[in-house]
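Below you'll find the structure, written out as structure tokens, and then a few comments.
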Amino acid sequence: MSLLRSLRLFLDARTGSFPAGSLQLQSPQPWHTIHAASWLSASSSSKELLMKLRQKTGYSFVNCKKALETCGGDLKKAEIWLHKQAQKEGWSKATKLSGRKTKEGLIGLLQEGNTTVLVEVNCETDFVSRNLKFQQLVQQVALGTMLHCQSLKDQLSTYSKGFLNSSELSGLPAGPDREHSLKDQLALAIGKLGENMTLKRAAWVKVPSGFYVGSYVHGAMHSPSLHNLVLGKYGALVICETSEQKANLEDLGRRLGQHVVGMAPLSVGSLDDEPGGEAETKMLSQPYLLDPSITLGQYVQPHGVSVVDFVRFECGELEEATEAE
């Protein structure tokens with residue numbers, strides 16, 4: 001076939017007029033693909049829809065376009081379709097990556113009223129731990145733990161403390177609607193970021209009047225989009241009992257948390273413990289981190305509070321302990 005005849009046939013195909021007896025070229029696309037995509041070329045608001053879907057979901061331009069084509073331009077249906085596809089991809093990736101070690105990650109601290117939670121979420125690299133999507137996963141885990149703790153109906157006469165392991169944490173609802181679990185959110189994050197991740201553990205503390213929870217996160221990062229969540233590599237909660245509300249409790253609690261992070265005590269001990277020997281692992285008889293000339297007990301006593309308990313999280317420490325064993 002000559003080049004001139006080929007061009008003529010192409011032009012005839014575009015205008016819809018074919019000479020008698022000529023060969024009509026068929027489109028390789030099935031009719032339903034053309035029909036589904038027609039709204040993109042015909043609708044003047046298609047770009048606006050694409051931008052809205054991208055901004056709302058964070059998925060790529062290609063995936064958002066495919067979702068809108070599949071759903072005939074229905075924004076809500078396209079969003080649901082995207083989440084379902086991401087869930088499938090996330091579970092698939094989670095299965096493939098499940099054997100890879102997760103030594104990095106973040107500790108998240110969240111306080112609301114008389115309740116404080118500390119969570120650990122792990123990933124493979126420090127690079128991913130600095131990604132906003134990973135930090136949003138830590139936020140979801142902290143909020144899920146907070147909702148769980150607040151749902152426990154207990155009459156507090158003293159403080160209460162609890163822990164959740166990886167399996168318990170994974171099964172918690174991701175929000176008040178209870179539609180998705182934290183395990184589902186984990187799969188979505190793995191699908192988006194392409195690394196193995198683990199919901200390692202959580203701790204929570206609730207206190208009645210007369211108690212105070214001091215807190216500290218080392219290397220703290222704050223993000224406006226993460227509200228009250230504080231992120232870092234180490235975190236500590238220190239539970240204090242006080243006979244009256246004092247103005248400087250927040251600063252005192254932060255200093256006590258710094259000591260727990262830096263000195264890593266194993267128990268509280270008592271003011272009667274003599275420094276040295278086994279007492280070096282007892283918090284109150286340890287040299288005070290910010291002034292080693294005195295013990296922590298000697299620092300606390302003039303402030304009129306009693307240290308009764310603490311929680312310390314170090315990111316990746318459980319992974320290292322497992323390897324050592």
Identify, with sequence neighbours excluded, every residue that meets side-chain hydrogen bond (donor to acceptor under 3.5 Å, both in side chains) alongside Asp309.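 Here the qualifying residues are Tyr159, Lys161.
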Which side chain to side chain donor-acceptor pair (under 3.5 Å) pairs, counting each pair once, include a residue from residues 107-119, with sequence neighbours left out? Gln111-Thr116, Gln111-Ser215, Glu112-Gln150
Show the nearest heavy-atom pair for residues [X] and [Y], with the distance to one decimal.
X      : Y      : answer
Cys123 : Phe134 : CB-CE1, 3.7 Å
Pro275 : Thr295 : CG-CG2, 3.9 Å
Ala220 : Val230 : CB-CG1, 3.6 Å
Pro287 : Pro292 : CB-O, 3.9 Å
Ala142 : Val119 : CA-CG1, 3.9 Å
Cys315 : Gly105 : SG-C, 3.4 Å

Could you tell me the separation between the [atom1] atom of [X] and the [atom2] atom of [Y], rounded to the nearest 0.5 Å?
X      : Y      : atom1 : atom2 : value
Leu249 : Phe211 : CG    : CZ    : 13.0 Å
Cys64  : Trp81  : SG    : CH2   : 9.5 Å
Gln286 : Leu284 : CD    : CG    : 9.0 Å
Ser129 : Leu137 : OG    : CG    : 12.0 Å
Leu193 : Glu124 : CG    : CD    : 11.0 Å
Lys65  : Lys47  : NZ    : NZ    : 11.0 Å

By ring-ring contact (aromatic ring centres under 6.0 Å, His included) - contacts of Tyr234 (at least two apart):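 Scan of Tyr234 (ring-ring contact (aromatic ring centres under 6.0 Å, His included), adjacent residues dropped) gives His218.
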Does any N or O in the side chain of [X] come within less than 3.5 Å of the main-chain N or O of [Y], such that one atom is a donor and the other an acceptor?
X      : Y      : answer
Glu195 : Thr125 : yes
Asn122 : Met197 : no
Arg312 : Val261 : yes
Asn196 : Arg100 : yes
Ser270 : Asp272 : yes

Are [Y] and [X] co-members of a hydrophobic cluster defined by side-chain heavy atoms under 4.5 Å apart?
X      : Y      : answer
Leu49  : Ile80  : no
Leu53  : Met51  : no
Leu110 : Leu147 : no

Donor-acceptor pairs under 3.5 angstrom involving side-chain atoms of residues 163-176: please list them, not counting sequence neighbours.
| unit_1 | atom_1 | unit_2 | atom_2 | d |
| --- | --- | --- | --- | --- |
| Asn165 | OD1 | Ser167 | N | 3.2 |
| Asn165 | OD1 | Glu168 | N | 2.8 |
| Ser166 | OG | Leu199 | O | 2.7 |
| Glu168 | OE1 | Asn165 | N | 2.9 |
| Ser170 | OG | Ser166 | O | 2.9 |

Taking only Lys NZ, Arg NE, NH1 and NH2, and the carboxylate oxygens of Asp or Glu, determine whether Lys233 and Asp126 approach each other closer than 4.0 Å. yes
Short N-O contact, Glu250 and Arg254, less than 4.0 angstrom: no
Could you go through Gln135 and Leu132, starting from their C-alpha distance and side-chain angles, then the distance that decides it, and tell me whether this counts as side chain to side chain contact (heavy atoms under 4.5 Å, CB included)? CA-CA 5 Å; Gln135 294 173 4; Leu132 180 60; 4.2 Å; yes
Flag the pair [X] / [Y] as yes when at least one side-chain heavy-atom distance between them is below 4.5 Å, and no otherwise.
X      : Y      : answer
Val268 : Val308 : no
Val141 : Leu186 : no
Val260 : Tyr216 : no
Tyr212 : Val305 : no
Met221 : Leu106 : yes
Glu79  : Cys71  : no
Val217 : Leu231 : no
Val307 : Val238 : yes

Distance-only criterion, 3.5 Å: show the donor-acceptor pairs between side-chain atoms of residues 201-209 and protein atoms not counting sequence neighbours.
| unit_1 | atom_1 | unit_2 | atom_2 | d |
| --- | --- | --- | --- | --- |
| Arg201 | NE | Glu120 | OE1 | 2.6 |
| Arg201 | NH1 | Glu317 | OE2 | 3.4 |
| Arg201 | NH2 | Glu120 | OE1 | 3.0 |
| Arg201 | NH2 | Glu314 | O | 3.3 |
| Arg201 | NH2 | Glu317 | OE2 | 2.7 |
| Lys206 | NZ | Cys149 | O | 3.3 |
| Lys206 | NZ | Leu152 | O | 3.2 |
| Lys206 | NZ | Asp154 | OD1 | 3.2 |

With ring pair (Phe, Tyr, Trp, His ring centres under 6.0 Å) as the rule and sequence neighbours excluded, what pairs involving residues 255-301 come up?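 Counting only pairs at least two positions apart or across chains, the ring pair (Phe, Tyr, Trp, His ring centres under 6.0 Å) contacts touching residues 255-301 are Tyr288-Tyr299, Tyr299-His303.
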